[in-house]
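As structure tokens, the structure follows; a few thoughts come after it.
No experiment lies behind these values; they were computed from the predicted model shown. Atoms within a ligand are numbered from 1 in the order they appear, just like the ligands themselves.
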Amino acid sequence: MNEKKVLFTIFGGTGDLAQRKLYPSLFRLYRKGDLVESFAVIGTARRPWSDETYRNIIKETIASLDPTEEEADAFASHFYYQSHDVQDTEHYDTLKKLADELDEKYDLEGNRLFYLAMSPNFFGTIVSHLKSQGMLDSKGYHRVIIEKPFGTDYETASQLNEEITQVFQEEEIYRIDHYLGKEMVQNISAIRFANSIFESLWSNRYIDNIQINIAEDLGVEERGGYYDQSGALKDMVQNHILQVLSLLAMEPPVAFSDKEIRAEKIKALEAVRVYTAEEVAKNFVRAQYGPGSMEGQDYTAYKEELNVDPNSSTETFVAGKFIIDNFRWSGVPFYVRTGKRLTEKGTRINIVFKQVPVNVFKDSVGGSCEQKQLSPNVLTIYIQPTEGFSLSLNGKEVGQGFNMLPIRLEHRNSAEIIENTPEAYEKLMLDSLNGDGTNFTHWKEVAQSWHIVDVIRQTWDQDPSELPQYSARSMGPKEAYELLEKDGFEWIWAPDEWYRKRDLLS
Ligand code: NDP
Ligand code: BG6
């Protein structure tokens with residue numbers, strides 16, 4: 001047990017993220033003994049809640065984790081609510097007074113972690129008030145966790161970063177990308193750097209192409225207002241997809257530390273080609289979901305979703321090809337695809353290896369004459385909803401002759417393991433308490449990701465042509481298939497039979 005002493009101040013304490021993710025994660029840390037007695041949480045937002053109301057809400061948010069009544073009461077007793085408009089300077093004085101009292105009451109040694117779980121428009125105001133009103137005068141550490149989106153383009157991100165770095169040092173800033181907290185995303189480094197068979201093959205000498213798919217079956221649900229201003233490119237590609245890509249593409253770090261890993265990720269992102277408008281048109285496809293049906297259920301079109309402009313031209317789907325201009329990856333396309341209302345939820349990476357130089361079996365006696373090409377070897381990393389890896393190989397079909405058959409070596413984590421896997425937010429909160437920035441994005445990563453994505457956005461914004469549509473619960477428009485076909489490849493992603501057979505398809 002390694003008890004942390006800390007005061008959390010959660011801005012946006014009444015919001016969706018706080019209630020769905022942050023409070024349950026704090027409770028799991030409490031249960032595991034990372035938080036014991038010396039911690040306190042101030043939740044703040046405008047709603048005029050009392051401490052009692054707040055504590056009852058906290059207990060509701062952790063109910064699904066089945067705490068005993070005593071456990072829930074003891075945990076909730078560490079929570080305090082402060083009604084506060086973040087634009088109002090006076091409130092920071094009240095906040096400071098409460099923070100100082102709690103510091104003493106719980107023996108927190110002046111350690112303060114500020115979680116900005118609200119609209120990014122307020123981040124600048126909050127951090128400047130934290131400094132000017134003395135919230136950072138305590139003797140311990142001061143760290144800030146910042147939610148996505150970090151800006152809406154390079155310009156706004158840079159401005160936001162400027163505001164934050166006037167108050168916090170880079171190593172005190174924890175920019176969340178919850179994909180970096182996922183078990184199998186963290187496993188990318190294990191696969192690469194703990195297995196000589198893979199690391200020795202990890203380059204353009206043996207790899208044909210890499211595919212990253214983040215498929216979601218859900219539509220925009222109740223987030224239409226936000227999403228219609230954002231679209232899939234900014235919502236998923238700028239952050240989650242480019243982060244996964246950087247972990248796949250980076251050079252081996254000299255040590256597994258936040259400094260070394262982030263330095264390698266930055267270099268990888270800097271090698272991703274920033275396209276010209278012509279290259280964007282050739283290498284990126286966007287689309288929007290129209291109506292569709294699957295297994296007897298009908299789905300409405302994006303334009304009919306709540307809080308979405310009926311004439312919206314926001315993309316709910318992106319497919320594209322990234323090119324990395326360095327020695328390791330020259331000539332290896334990184335194909336990415338993400339969208340809402342796709343066939344099923346399935347985040348997967350496929351590493352497609354090159355074919356053997358000659359298929360010696362193609363004319364073998366008894367072999368199939370049509371079998372001119374063998375199936376490629378593919379390493380698949382299943383990120384969610386199932387977690388695991390598979391490696392597809394070619395083997396001989398049992399019996400006469402010499403027909404080749406694809407064989408799959410497969411490992412999936414059991415349902416029990418998945419159930420007990422710490423949730424991304426839990427891991428990331430613990431990392432930030434430990435002062436470990438490995439799984440957070442450095443400013444230079446954010447900046448480079450915006451440079452890459454901004455030209456795509458600008459090219460699309462200047463393109464008056466009609467957005468392609470795809471049927472809800474399909475895998476996107478035909479243009480996304482053509483993107484690979486013209487390079488002589490195809491998407492490896494297919495509905496997950498393992499998942500389907502166990503009736504786990506949502
Ligand atoms: P919500 O709209 O649910 O919450 C916003 C919070 O901000 C509320 O607590 C609201 O409380 C508070 N608030 C708004 N204006 C003020 C103000 N002037 N002064 C003080 N408090 C204010 O948003 P989410 O929780 O969904 O999102 C929060 C952040 O997390 C955003 O940056 C979002 O992009 C990000 N995020 C959210 C995810 C999610 O799953 N929800 C996933 C990934 C990122 P009140 O009205 O009481 O003031
Ligand atoms: C969020 C996006 O960052 O990631 C959402 O804003 C998306 O639109 C979500 O649904 C996907 O996260 P996960 O963990 O479900 O893959």
### Message
Would Arg223 count as a polar contact of ligand 2, with the cut-off being nitrogen or oxygen pairs under 3.5 Å?
### Response
yes
### Query
Around Glu416, counting heavy atoms of other residues, nucleotides and ligands shown, do more than 12 lie under 6.0 Å from its CD?
no
### Task
Decide whether an N or O pair under 3.5 Å exists between Gly15 and ligand 1.
yes
### Query
For ligand 1, does Arg46 get within less than 4.0 Å through its side chain, its backbone, both, or neither, judged by non-hydrogen atoms?
both
### Query
Would you say the ring centroid of Phe322 lies under 6.0 angstrom from that of Phe334?
no
### Query
Is the distance between the ring centroids of Tyr470 and Phe317 under 6.0 Å?
yes
### Task
Using distance alone, decide if ligand 1 has a nitrogen or oxygen within less than 3.5 Å of any nitrogen or oxygen in Lys148.
yes
### Message
Does any part of the side chain of Ile10, heavy atoms only, come nearer than 4.5 Å to the side chain of Tyr23, both counted from C-beta?
### Response
yes
### Query
Any N or O on Tyr179 sitting closer than 3.5 Å to an N or O of ligand 2?
yes
### Query
Does any N or O atom in Ala18 lie less than 3.5 angstrom from one in ligand 1, N or O only?
no
### Message
Please list, in number order, the atoms of ligand 2 under 4.0 Å from a heavy atom of Gln384.
### Response
13 (P), 14 (O), 15 (O), 16 (O)
### Query
Is the closest heavy atom of Asp235 to ligand 2 under 4.0 Å?
yes
### Task
State whether a side-chain donor-acceptor pair under 3.5 Å links Tyr226 with Asp235.
yes
### Query
Has ligand 1 got any nitrogen or oxygen that is less than 3.5 angstrom from a nitrogen or oxygen of Thr14?
yes
